[in-house]
Amino acid sequence: MTDFTLMIHGGAGAIRDPHRYEASLRAIVESGARLLAAGSSALDAVAHCVALLEDDPLYNAGRGSVLNADGAAMCDASIMDGRTLKAGAVAAIRGVRNPVRLAYEVMDKSGHVLLVGEGAERFARERDVAFESEDYFRTEARVAQLARAKRKRETTLDHSEPADAKLGTVGAVARDRNGDLAAATSTGGVVNQRAGRVGDSPLIGAGTFADNASCAASCTGVGEDFIRTALARTAAVFVEFRSLRAEEAAREAIRYLVDRVDGRGGLILVDREGRCGRARSTPGMLTATFVAGVARVETT
Ligand code: ASP
């Protein structure tokens, strides 16, 4: 038996060929679980898992970030400590290998919660955060995907239709052996997004939230929907003030997202008792959990 809980996600949407994510999700959740088993904090474990997801080009974060309309990978990330309610986030940054590590530095060392663009990149250099060249982010798959998205936009008037059916943001939530909660989320945004567009992932309360009094939550989906419903915080309110368990709170939060803004996406959460929940309004969502010594991957 273990007394910690960890859950990660690799995005939601209409996931093509879900099996190709299984080995990676399992390896990453097991790696995070080893840290928690050795006594690491929930905060360090979620940062570790999200950094591994960012390094894997399969996911839309860090290395595998989708490209915006200018052909650039612009990343957003955030992290929150449920014990202290400290949080850090970055938005619209370029070239940083692990945006979640920079978000951690913002939380720990900047005295601020959110840094954006060039100022965030300057802070990254001051803190010796690793950078990569543009080529590192321009994977063949992403370049082809952007070309497809641009073509579709020329031939369709429906701009609300996502250019790619899968919204592959990544995130992690955990409860450690001390009962402390933490959450982190990282993304390259949506394919062909306007330069300067920021989604929910770096916004505390929208894409990420953690509070020992309720739960740790990380969201994925159409960011605008999650911002307008403050969805991560909404899920926490359901746990804290309606005493819902993780699974019910996740389901209710997604019900609220759909009822209020017809929103598309999903979320994962770990509640204050260490129970896990996941829910989505999309056809699929990639998640892995580690509870009571057992890793479980779900791709639907
Ligand atoms: N939520 C992200 C955003 O809107 C996209 C995603 O989840 O894939 O930037």
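Count residues from 1 along the sequence. Just follow the structure's listing: the first ligand is 1, and inside any ligand the first atom is 1. The structure presented is a predicted model; accordingly, all values stated were derived computationally and were not measured.
Taking only nitrogen or oxygen atoms, main chain and side chain alike, Thr169 reaches within less than 3.5 Å of ligand 1. For ligand 1, the polar-atom distance check finds an N/O of Gly223 within less than 3.5 Å of one of the ligand's N/O atoms. The N/O atoms of Gln193, backbone and side chain alike, include none that comes under 3.5 Å of an N/O atom in ligand 1. Considering both main-chain and side-chain atoms, Asp76 never comes within under 3.5 Å of ligand 1 through any nitrogen or oxygen pair. In terms of polar-atom proximity, defined here as any N/O pair under 3.5 Å, Gly199 makes no such contact with ligand 1.
Side-chain atoms of Arg233 do not come within 3.5 Å of backbone N or O of Ala236 as any donor-acceptor pair. Proximity of a side-chain donor or acceptor of Asn68 to a complementary backbone N or O of Asn192 within less than 3.5 Å is not detected. Put simply, the side chain of Arg63 never gets that close to the backbone of Thr139: no donor and acceptor are under 3.5 Å apart.
Not a single heavy atom of Gly11 lies less than 4.0 angstrom from ligand 1.
One option in Thr220, Leu203, Asp200, Ile227 has a heavy atom closer to atom 1 (N) of ligand 1 than any other, and that option is Asp200.
With a 4.0 Å cut-off on non-hydrogen atoms, His9 does not touch ligand 1 at all. At a heavy-atom cutoff of 4.0 Å, ligand 1 is contacted by no atom of Ala12, backbone or side chain.
Each of the following atoms of ligand 1 lies closer than 4.0 Å to a heavy atom of Ser201: 1 (N), 2 (C). Counting atoms of ligand 1 from 1 in the listed order, those under 4.0 Å from a heavy atom of Gly221 are 1 (N), 2 (C), 3 (C), 4 (O), 5 (C), 6 (C), 7 (O).
Of all the heavy atoms in Leu269 and Ala235, the pair that sits closest is CD2-CB, 3.7 Å. Nearest heavy-atom pair across Ala42 and Asp176 is N-OD2, 2.9 Å. Contact record, Cys49 with Leu6: SG-CD2, 3.9 Å, taken as the closest heavy-atom pair.
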**Asked** Step by step, would you call Glu134 with Arg94 a salt bridge (charged side-chain N to carboxylate O under 4.0 Å, His left out)?
**Response** CA-CA 8 Å; Glu134 234 170 72; Arg94 293 177 69 162; 3.1 Å; yes
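A side-chain contact (heavy atoms from CB on, under 4.5 Å) with Ile28 is found for exactly one of Asp55, Leu52, Val170, namely Leu52.
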